[in-house]
Amino acid sequence: MVRYTATDDEQEEILQREYMEKAALHVAALEKELGRAPKGCVVTFGCQMNARDSEKLSGILAKIGYTLTESEEDADLVLYNTCTVRDNANQRVYGRLGYLNSLKKKKSHLRVILCGCMMQEASVIDKIKKSYRFVDLLFGTHNIFKFAQLLVTMYENQEMIVDIWQETDQIVEKLPVNRKYFYKSGINIMFGCNNFCSYCIVPYVRGRERSRDPKEILREIERLVDDGVVEIMLLGQNVNSYGKNLEEPITFAALLREVEKIEGLKRIRFMTSHPKDLSDELIAVMRDSKKICRHLHLPVQAGSNRILQAMNRKYTKEQYLSLVDKIRTAIPDMSITTDIIVGFPGETLADVEETMDVVRKVQYDNAFTFIYSKRTGTPAAAMEDQVPEAVVKEGFDKLLKVVQDTARERAALLQGKVLEALVEEVNDQDASLVTGRLSNNMLVHFPADASMIGKIVKVSLDTCHGFYYTGHIVD
Ligand code: SAH
Ligand code: SF4
Ligand code: F3S
């Protein structure tokens with residue numbers, strides 16, 4: 001086990017840059033041996049936080065001399081940034097590790113690295129040490145800023161390197177980042193979660209809630225805008241509680257007001273909002289903003305008060321519905337999406353009916369529906385009445401139908417309207433089209449070329465195809 005003592009954030013940045021230089025020497029030696037630049041492949045599982053972390057990890061790989069590739073087969077270094085929110089995420093990683101083992105047998109210099117949320121679980125580390133001995137480096141969510149240093153340790157040692165921290169109070173952000181899109185970017189405003197919803201592993205693997213200094217956030221966004229970014233997504237597990245624990249407390253709404261002032265920034269998104277902390281101040285800021293997108297992701301998880309209480313969500317169905325009412329009254333064109341879990345311990349089909357009732361009343365623009373997955377160590381895992389698979393499946397199918405019908409109806413409402421879309425990419429099915437994202441997060445495909453990527457254009461939404469539109473640019 002390698003353990004490093006923490007220094008202060010700025011010193012840490014200097015230290016990590018030194019390690020990048022050292023790591024670059026190792027990569028240069030490998031390049032000489034291979035006769036070409038080594039290739040690095042970063043695969044991301046899970047949420048936007050992990051996606052952002054992966055941009056930081058790829059940034060360091062690129063900085064020390066790796067050419068980035070999306071193909072594990074071509075790569076000389078493969079890094080999996082893992083998720084453990086549901087068991088199927090873990091199973092996918094184990095499945096792909098089997099494949100990496102076969103690759104490593106053919107290519108002995110291949111380096112395999114695992115990091116992210118799954119690595120914060122002791123049982124996972126034990127399993128990898130026992131059954132996946134070919135892995136070179138394991139680290140968790142709290143020390144990703146040490147990546148360069150960990151790489152050097154890996155290059156200089158033969159055995160598997162394991163470095164998992166339980167917590168950190170460090171926020172080291174000014175390291176190289178390899179942004180996936182030049183025109184939009186995620187930005188961490190807080191880390192961790194204090195909510196302990198009874199089904200959820202995130203607080204255990206991401207640690208306690210910590211907010212970043214607002215000045216640092218604003219400076220980072222300014223830098224991104226200077227670099228061509230027009231849309232940002234403020235990231236946190238519960239952005240509505242942003243700033244509460246800072247030395248000089250500030251609300252999320254107040255932060256948004258400051259972000260709005262940044263010149264050149266066109267669109268602001270954020271994720272995720274916990275309903276219990278969504279303030280009237282935030283609704284007012286969203287209503288008055290020219291930049292905050294008309295999309296709110298407001299996970300409800302369940303509609304039955306008994307289940308909501310057992311989930312420790314801290315709101316009732318009625319409170320949730322009245323919050324939605326308040327938002328829709330203030331901002332009628334706000335699109336609302338949600339997350340729902342089916343099959344929480346003790347949930348009956350009558351409870352699922354309550355959830356369907358919420359879906360019908362709220363009229364979600366989209367809902368991500370998940371089957372409950374038992375996460376060892378969470379309070380819900382120890383609850384007795386786990387729901388039989390057949391009952392879960394029946395509830396899930398019924399719910400999914402209501403969700404899809406509602407979303408389709410909502411989508412169709414925009415037919416014929418002209419709205420602004422940010423052009424994101426050339427359509428991968430038809431190169432004469434590009435794909436744009438509306439403020440409400442829906443996609444629209446229309447004729448244009450790659451030169452339009454990153455621009456915001458007015459598009460007529462001619463035909464609704466269920467969950468997306470086709471249209472044309474309007475001058
Ligand atoms: N912080 C966010 C959610 C992060 S996890 C929030 O509070 O809304 C993303 C989603 O995964 C959750 O909203 C929930 O619907 C789902 N999820 C979390 N734990 C789960 C579990 N054990 N089984 C199934 N779905 C789960
Ligand atoms: Fe998990 Fe709840 Fe925290 Fe979201 S708010 S990350 S669901 S514990
Ligand atoms: Fe998964 Fe970790 Fe995100 S568990 S959902 S990647 S915070």
Side-chain angles (χ1 to χ4, degrees), residues 42-54 57 80-93 114-121 124 140-142 144 186 188-210 234-242 270-278 296-303 307-308 310-315 320 336-345 347 355 358-359 364 366-383 386-387 392 395-396 399 403:
V42 176
V43 181
T44 312
F45 300 82
C47 67
Q48 311 265 4
M49 309 275 171
N50 260 19
R52 181 67 180 155
D53 287 348
S54 286
L57 296 161
Y80 284 171
N81 189 8
T82 62
C83 169
T84 185
V85 79
R86 286 170 289 276
D87 189 53
N88 52 11
N90 300 48
Q91 294 316 320
R92 275 170 61 214
V93 169
L114 299 176
C115 68
C117 295
M118 231 176 120
M119 302 306 126
Q120 293 296 138
E121 292 180 280
V124 170
T141 57
H142 300 297
I144 74 159
N188 298 105
I189 63 165
M190 58 201 297
F191 303 92
C193 181
N194 284 354
N195 289 308
F196 290 96
C197 301
S198 63
Y199 50 82
C200 184
I201 193 89
V202 172
Y204 305 89
V205 296
R206 286 272 170 178
R208 292 295 62 72
E209 197 173 286
R210 284 170 301 130
L234 305 174
L235 297 172
Q237 293 299 349
N238 176 15
V239 290
N240 297 335
S241 72
Y242 169 78
F270 51 83
M271 150 116 181
T272 301
S273 281
H274 194 304
K276 79 177 164 66
D277 296 315
L278 200 146
L296 184 67
H297 188 60
L298 196 63
V300 66
Q301 312 297 0
I307 298 298
L308 283 171
M311 285 178 161
N312 193 30
R313 288 293 287 181
K314 302 198 175 78
Y315 52 83
Y320 184 91
I336 299 179
T337 58
T338 203
D339 291 345
I340 297 171
I341 298 175
V342 179
F344 183 86
E347 191 177 56
T355 308
V358 173
V359 175
Y364 289 111
N366 197 5
F368 299 95
T369 48
F370 304 110
I371 287 178
Y372 167 75
S373 172
K374 187 172 170 175
R375 307 318 288 138
T376 307
T378 62
M383 291 179 188
Q386 303 283 327
V387 185
V392 178
F396 185 84
L399 174 75
V403 161

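The structure displayed is predicted, hence computed values, not measured ones. Indexing begins at 1, ligand by ligand and atom by atom, following the structure's order.
For ligand 2, the atoms lying closer than 4.0 Å to a non-hydrogen atom of P203 are 8 (S). In the vicinity of V202, heavy-atom distances shorter than 4.0 Å reach the ligand 2 atoms 6 (S). Within ligand 2, the atoms closer than 4.0 Å to a non-hydrogen atom of C193 are 3 (Fe), 5 (S), 6 (S), 8 (S), numbered from 1 in the order shown. Applying the 4.0 Å criterion to heavy atoms of Y372 picks out, from ligand 1, the atoms 23 (N), 24 (C). Short contacts between ligand 2 and F196, defined as distances under 4.0 Å to a heavy atom of the residue, involve ligand atoms 8 (S). Taking every non-hydrogen atom of R313 and a distance limit under 4.0 Å, the qualifying atoms of ligand 2 come out as 2 (Fe), 7 (S).
From the protein, the heavy atom lying nearest to atom 5 (S) of ligand 1 is V85 CG2, 3.9 Å. What sits closest to atom 3 (C) of ligand 1 on the protein, heavy atoms only, is Q237 OE1, 4.0 Å. Ranking the protein heavy atoms by distance from atom 1 (Fe) of ligand 2 puts C200 SG, 2.3 Å first. With hydrogens left out, the protein atom closest to atom 7 (O) of ligand 1 is R313 NH1, 3.6 Å, a heavy atom. The protein non-hydrogen atom at the shortest distance from atom 9 (C) of ligand 1 is D339 OD2, 3.8 Å. Shortest contact from atom 22 (N) of ligand 1 to any protein heavy atom: S373 O, 2.8 Å. Nearest protein heavy-atom neighbour of atom 7 (S) of ligand 3: Q237 NE2, 3.3 Å. Scanning the protein heavy atoms around atom 15 (O) of ligand 1, the nearest turns out to be Q301 OE1, 2.7 Å. Considering only non-hydrogen protein atoms, atom 5 (S) of ligand 2 sits nearest to N195 ND2, 3.4 Å. The single protein non-hydrogen atom nearest to atom 6 (C) of ligand 1 is T272 CG2, 3.8 Å, given as residue, atom name and distance.
Among all heavy-atom pairs drawn from T376 and I201, the shortest one is O-CD1, 3.7 Å.
At a heavy-atom distance under 4.0 Å, atoms from both the backbone and the side chain of Y199 approach ligand 1. If you look at Y199 next to ligand 2, the close heavy atoms, those under 4.0 Å, all belong to the side chain. Neither the backbone nor the side chain of M271 has a heavy atom within less than 4.0 Å of ligand 1. Contacts with ligand 1 closer than 4.0 Å are made by side-chain heavy atoms of P299 only, the backbone lying farther away. Only side-chain heavy atoms of R86 come within less than 4.0 Å of ligand 1; its backbone N, CA, C and O stay farther off. Within the 4.0 Å heavy-atom criterion, the part of I341 lying near ligand 1 is the side chain and not the backbone. Contacts with ligand 1 closer than 4.0 Å are made by no heavy atom of K374, backbone or side chain. When non-hydrogen atoms are compared, ligand 3 lies under 4.0 Å from the side chain of R206 (C-beta onward) but not from its backbone. If you look at I371 next to ligand 1, the close heavy atoms, those under 4.0 Å, all belong to the backbone.
At distances below 3.5 Å, not a single donor-acceptor pair connects side-chain atoms of T44 with backbone N or O atoms of S54. Not one N or O on the side chain of Q301 forms a donor-acceptor pair closer than 3.5 Å with the backbone of T338. Panel note: side chain N240, backbone H274; a donor-acceptor pair is recorded below 3.5 Å. When atom types are taken as modelled, the side chain of R86 and the backbone of Y372 share no donor-acceptor pair closer than 3.5 angstrom.
When side chains are defined from C-beta on, R313 counts as touching Y199, because their heavy atoms get closer than 4.5 Å. R375 is listed as a side-chain neighbour of N90, based on a closest heavy-atom distance under 4.5 Å.
Protein N/O/S atoms found under 2.8 Å from atom 1 (Fe) of ligand 3, listed by chain and residue number: C83 SG.
The aromatic rings of Y320 and Y364 are tilted relative to each other, their planes meeting at an angle between 30° and 60°.
Rounded to the nearest 0.5 Å, atoms CE (M49) and CD (Q237) are 4.0 Å apart. T272 contributes atom OG1, which lies 8.5 Å from atom CG of N238 (distance to the nearest 0.5 angstrom). For the atom pair CG (L234) and CD (Q48), the distance works out to 11.5 Å, reported to the nearest 0.5 Å. Summarising the geometry, atom CZ belonging to R206 is positioned 5.0 Å from atom OG1 belonging to T141; distances are rounded to the nearest 0.5 Å. Going from atom SG of C115 over to atom CG of N50 covers 7.5 Å, rounded to the nearest 0.5 Å.
The shortest heavy-atom distance from Q48 to ligand 1 is not under 4.0 Å. Using a non-hydrogen distance threshold of 4.0 Å, M118 does not register as a contact of ligand 3.
When each of V93, V124, V205 is checked for a side-chain contact (heavy atoms from CB on, under 4.5 Å) with T84, only V205 meets the rule.
N366 and H297 share no donor-acceptor pair across their side chains, judged by distance under 3.5 Å alone.
Checked against a 6.0 Å centroid threshold, the rings of F396 and F370 do not count as neighbours.
Contact annotation: C197 places an N, O or S atom under 2.8 Å from atom 2 (Fe) of ligand 2.
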